[in-house]
Number of protein chains: 4
Amino acid sequence: MMIHSHLDSHEEGRGIATKRDEAKYDAILQAAIEVMAESGYHHAQISRIARAAGVADGTVYLYFKNKEDILVSLLRRSIGHIVALGQARLGKLTNAEEKLREIVSLYFEQLGANPKLAMVTQVHLRQVDANIRREIGSIMRPFYDALDDIVQSGIAEGVIRPTVNRRIARRMIFGTMDETVSAWVLTGSKYRLTDLTDDVVDVLLHGLSRGTGYGSTGADVQDAAQNAERSVEA
Amino acid sequence: MMIHSHLDSHEEGRGIATKRDEAKYDAILQAAIEVMAESGYHHAQISRIARAAGVADGTVYLYFKNKEDILVSLLRRSIGHIVALGQARLGKLTNAEEKLREIVSLYFEQLGANPKLAMVTQVHLRQVDANIRREIGSIMRPFYDALDDIVQSGIAEGVIRPTVNRRIARRMIFGTMDETVSAWVLTGSKYRLTDLTDDVVDVLLHGLSRGTGYGSTGADVQDAAQNAERSVEA
Amino acid sequence: MMIHSHLDSHEEGRGIATKRDEAKYDAILQAAIEVMAESGYHHAQISRIARAAGVADGTVYLYFKNKEDILVSLLRRSIGHIVALGQARLGKLTNAEEKLREIVSLYFEQLGANPKLAMVTQVHLRQVDANIRREIGSIMRPFYDALDDIVQSGIAEGVIRPTVNRRIARRMIFGTMDETVSAWVLTGSKYRLTDLTDDVVDVLLHGLSRGTGYGSTGADVQDAAQNAERSVEA
Amino acid sequence: MMIHSHLDSHEEGRGIATKRDEAKYDAILQAAIEVMAESGYHHAQISRIARAAGVADGTVYLYFKNKEDILVSLLRRSIGHIVALGQARLGKLTNAEEKLREIVSLYFEQLGANPKLAMVTQVHLRQVDANIRREIGSIMRPFYDALDDIVQSGIAEGVIRPTVNRRIARRMIFGTMDETVSAWVLTGSKYRLTDLTDDVVDVLLHGLSRGTGYGSTGADVQDAAQNAERSVEA
DNA sequence: CATGAATGAGTGTTCATTCAT
DNA sequence: TATGAATGAACACTCATTCAT
């Protein structure tokens, strides 16, 4: 998997404090997650974030250009982290199926381990203005590229059907993961997100249709009755 | 298809004007679409919407509880319309595959025919507060239910694999459609959304994996080379 | 005297409230004079002005574009008033000397009758940004034009020396009046500004120099000893 | 000319750094002129002044009490310089007319040679708070005193009319010079300020009125037509 | 039903000043 | 002396909502 790496240096975007207290930077970001997860982007006053971080209001502006910059930096850091992990883990894998499972697992694992961060990325991040959405898009790009690479290499390996519309394939992968995480967040993060990995990968790989003779996975041994029992999720 | 209908009476939610000038209600809703599509939710002042609708500011509050209610009513109306159409069209179909294709087609057709509405539902609707998102969920319910029905009946018919996680299946369907429409909107609505129906249904039904001997669709005759050419979309 | 009249319609500049409560407009302006005279421009919070005017903060913005607009409107109104009075009074006079005396008298009378307004125009008005100073210049123009007209007509009548640099003559007239009013304001408005009219006009007309045989005025009978006694002013 | 000298020791006012690096003190003052002339008082951040002076922000406070103190020190230094020059030059003159011409010439020469300084003293200096204006008054005192001395000695010599109101005479002199410099600054410092000396002195000495038989100066040979041509100034 | 003038709560951001090093 | 990171007070302005007419 070729994960593009220009976002690894996820600090570049700051452009304000080149060499200030890194712990303070982290504290503000963490405080922002806490406050935003609780109150949403628009109701998360800078003064509350500052207080939660243990700094003065003005200090926030030594580390971030403005309030939106905090949000963008949050996403940049978390996506950057996921992408970096992906580079490390997926590099060792050769099979597209394994790569897909790994990236889904990674995504669920990362967001599943931090419900507040997930709340911010899945819900509050979307409350911002159009111009910020553009920047968000550019931050997500490396992740999208990683998904595209998986599809592309899978086709090359003969593991993925060459006839799928690749862009749509990518959107299916991301859309399914995104919808899954959002549902998990909005229902209170009550179950383990990673538990869904196999089911998600199964449906992504094999679709809904009962074809004839396609390769069955371990998941297939579950029958419809069992399926109906899974009710942890709302 | 069992589309739950309690939201069809989409006027119930108003609770303000039981039977006022219906044309004025529509005018405000239409004005809201225009203004929000252009400026986003937060920059769409009530006064601008009122002016665009040809009514006074105060009049808006005779028809809607508040600004968010306009947004919610927009969604209620458009989803209600789609659900109603779905009831009509899917009722005649017996095959789950056909139903899936029909609902995807219908969704793309409705939003594809109204880019401004799509802009509002895909982008601006998400800028609202968390508490409103709950209401949005309840509005979407009938549509989700329709998708669930398709999955459920598909399994009963033996068309859909009984082993798929049904909730995840539904999220895959909706997530893929949603992501597809969002991408279309955010790149300027430059191509025909309905042109993607077949490719979307193909990947939903058969997944990514090149299994052995699953039933191929007409789409399958496209080869990788052709796939690479599809560049209408950004 | 040809006083250019485009500023008579001193309400045009508002451009916000075309037909609102005129009494409210006046109340805000008067409140602004009170508050600014006491605290200066920068310390005159909109909320204090609003409270003093008996309106809500937001109402101020129904009548004025922003805080600077209040200041500019103040000047526009007071200078406009002086210019309008000048048109009425100077129109009846034919002699440039009389016109000069009249306009000095008028200026001192108007500002002398309203020390708080004078405090604002002489002190606080100058605390604003460069861009506003430009607008202030355009508001003062008609007054400068009136002074120019007096000089010009005086020369035509043979009353004013044709060799004086007209622009400098105007600046002397205005500079002397301005300096006189400022001194009066800054020392607490303790004496009657209009009492200085004759002495000011005398020095403007005849200068400092003891020429030989120039026409003496009544003021000339005051001798140096008396002059030294005038100590009301700081 | 009796120029009171207690402000010559313009360092007294500092009260902070008694004998620090004089070059640094100058550098900060010069940087302040540059930055303020460009951006105005309120937009001239201490940090920009410090950077322009090549020192740290905090260092500024080792030399100046606060931001206003920089402005006041600027005026103190420049007026002090003018007053000192005046003492040197006017001491040699015996005639009040010559003294007046010399001090006008000196004032125009000093400010005319430094448009940025003039911009600060004529425009930005006036943007300060009312309490500071009092201190400005005390700084200007020696200059006012010099003007008063000229008037006083002129009367004693029989050169200046004993009947002029002396305080008003002084205000006319200063007001005319001030207005002239301000106009020059605000129109872009495009002509030579010193070129106006003769015209200014002429009108100060002889006023506007065409009396009979007052002593004419060389300037008088200019006729009205020529006067009209002087259009260097805006 | 309709109006639209009036309301007033709510907050991101700047920057002069301080002080620990 | 000098630094510059940290501080935190201060406030104009917007706009959803109301209600007297």
Side-chain angles (χ1 to χ4, degrees), chain A residues 16-21 24 42-51 53-70, chain B residues 16-21 24 41-51 54-70, chain C residues 16-21 24 42-51 54-70, chain D residues 16-21 24 41-51 53-70:
Chain A
I16 299 191
T18 319
K19 255 311 167 219
R20 311 260 170 112
D21 192 330
K24 213 161 270 182
H42 289 296
H43 291 106
Q45 293 120 297
I46 291 291
S47 58
R48 280 178 62 206
I49 295 174
R51 198 180 316 127
V55 300
D57 291 19
T59 304
V60 172
Y61 289 86
L62 294 177
Y63 292 87
F64 300 93
K65 190 154 57 63
N66 50 36
K67 193 178 173 182
E68 284 182 336
D69 188 37
I70 300 178
Chain B
I16 300 188
T18 319
K19 263 307 165 213
R20 309 276 167 100
D21 190 332
K24 213 163 270 183
Y41 177 72
H42 289 295
H43 290 110
Q45 293 118 299
I46 291 290
S47 60
R48 280 179 63 203
I49 294 174
R51 197 180 317 128
V55 301
D57 292 18
T59 304
V60 172
Y61 289 85
L62 297 175
Y63 290 87
F64 300 93
K65 189 154 55 67
N66 52 34
K67 192 177 173 183
E68 284 181 335
D69 187 39
I70 300 178
Chain C
I16 298 190
T18 318
K19 255 312 166 217
R20 311 259 170 112
D21 193 330
K24 213 162 269 183
H42 289 295
H43 291 106
Q45 294 119 298
I46 291 290
S47 59
R48 280 178 62 203
I49 294 174
R51 198 180 315 126
V55 300
D57 291 20
T59 304
V60 172
Y61 290 86
L62 294 177
Y63 292 88
F64 300 94
K65 189 154 56 65
N66 51 35
K67 193 178 173 182
E68 284 182 336
D69 188 38
I70 301 178
Chain D
I16 300 187
T18 319
K19 263 309 163 211
R20 310 272 168 103
D21 191 332
K24 213 164 267 184
Y41 177 71
H42 289 295
H43 290 111
Q45 295 117 298
I46 291 290
S47 60
R48 281 179 62 203
I49 294 173
R51 196 180 318 128
V55 301
D57 292 19
T59 304
V60 172
Y61 289 84
L62 296 175
Y63 291 88
F64 300 92
K65 189 153 55 67
N66 51 35
K67 192 178 175 182
E68 283 181 335
D69 187 38
I70 300 178

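It should be emphasised that the depicted structure is a prediction, and the values quoted were computed from it without experimental measurement. Order of the sequence lines fixes the chain letters, A, B, ..., with proteins taken first and strands second; residue numbering starts at 1 for each chain.
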Less than 4.0 angstrom between a side-chain N/O of [X] and OP1 or OP2 of [N], yes or no?
X: Thr59(C); N: dT7(E); answer: yes
X: Tyr63(A); N: dA6(F); answer: yes
X: Lys24(D); N: dA2(F); answer: yes

Nearest-0.5 Å distance, OH of residue Tyr41(D) to CD1 of residue Ile70(D): 7.5 Å
Nearest-0.5 Å distance, NZ of residue Lys65(C) to CD of residue Glu68(C): 8.0 Å
Show me the protein contacts with nucleotides 18-21 of chain F, counting only N or O atoms at under 3.5 Å.
none

Roughly how many Å is it from [atom1] in [X] to [atom2] in [N], rounded to a whole number?
X: Asn66(D); N: dC15(E); atom1: CG; atom2: C1'; value: 14 Å
X: Leu62(C); N: dC13(F); atom1: CG; atom2: C1'; value: 12 Å
X: Phe64(C); N: dA12(F); atom1: CZ; atom2: C1'; value: 15 Å
X: Arg51(D); N: dG4(F); atom1: CZ; atom2: C1'; value: 12 Å
X: Arg48(B); N: dA16(F); atom1: CZ; atom2: P; value: 10 Å
X: His42(C); N: dA16(E); atom1: NE2; atom2: P; value: 12 Å
X: Ile49(C); N: dC13(F); atom1: CD1; atom2: P; value: 11 Å

Sugar-phosphate only, base, or nothing, as touched by Ile46(A) at under 4.0 Å among non-hydrogen atoms: base
Sugar-phosphate only, base, or nothing, as touched by Val55(A) at under 4.0 Å among non-hydrogen atoms: sugar-phosphate
Contact nearer the 5' end of DNA chain E, comparing His43(D) with Val60(C): Val60(C)
Could you pull out the closest heavy-atom pair between [X] and [Y], with the gap in Å?
X: Ile49(C); Y: Ala44(C); result: CD1-O, 4.1 Å
X: Tyr61(D); Y: Ile46(D); result: OH-CG1, 3.7 Å
X: His43(C); Y: Arg48(C); result: O-NH1, 3.4 Å
X: His42(C); Y: His42(D); result: NE2-NE2, 2.9 Å
X: Ser47(A); Y: Asp57(A); result: CB-OD2, 3.4 Å

Pairwise 5' ranking along DNA chain F for Glu68(C) and Ala56(A), keeping only the more 5' one: Ala56(A)
5' precedence on DNA chain F between Gln45(B) and Ser47(C) (nearest-nucleotide basis): Ser47(C)
Side-chain heavy-atom pair Tyr63(C), Asp21(C) within 4.5 angstrom cut-off: yes
Where DNA chain E forms stems, i.e. three or more consecutive Watson-Crick or G-U pairs with both distances under 3.5 Å: E:2-21 with F:2-21
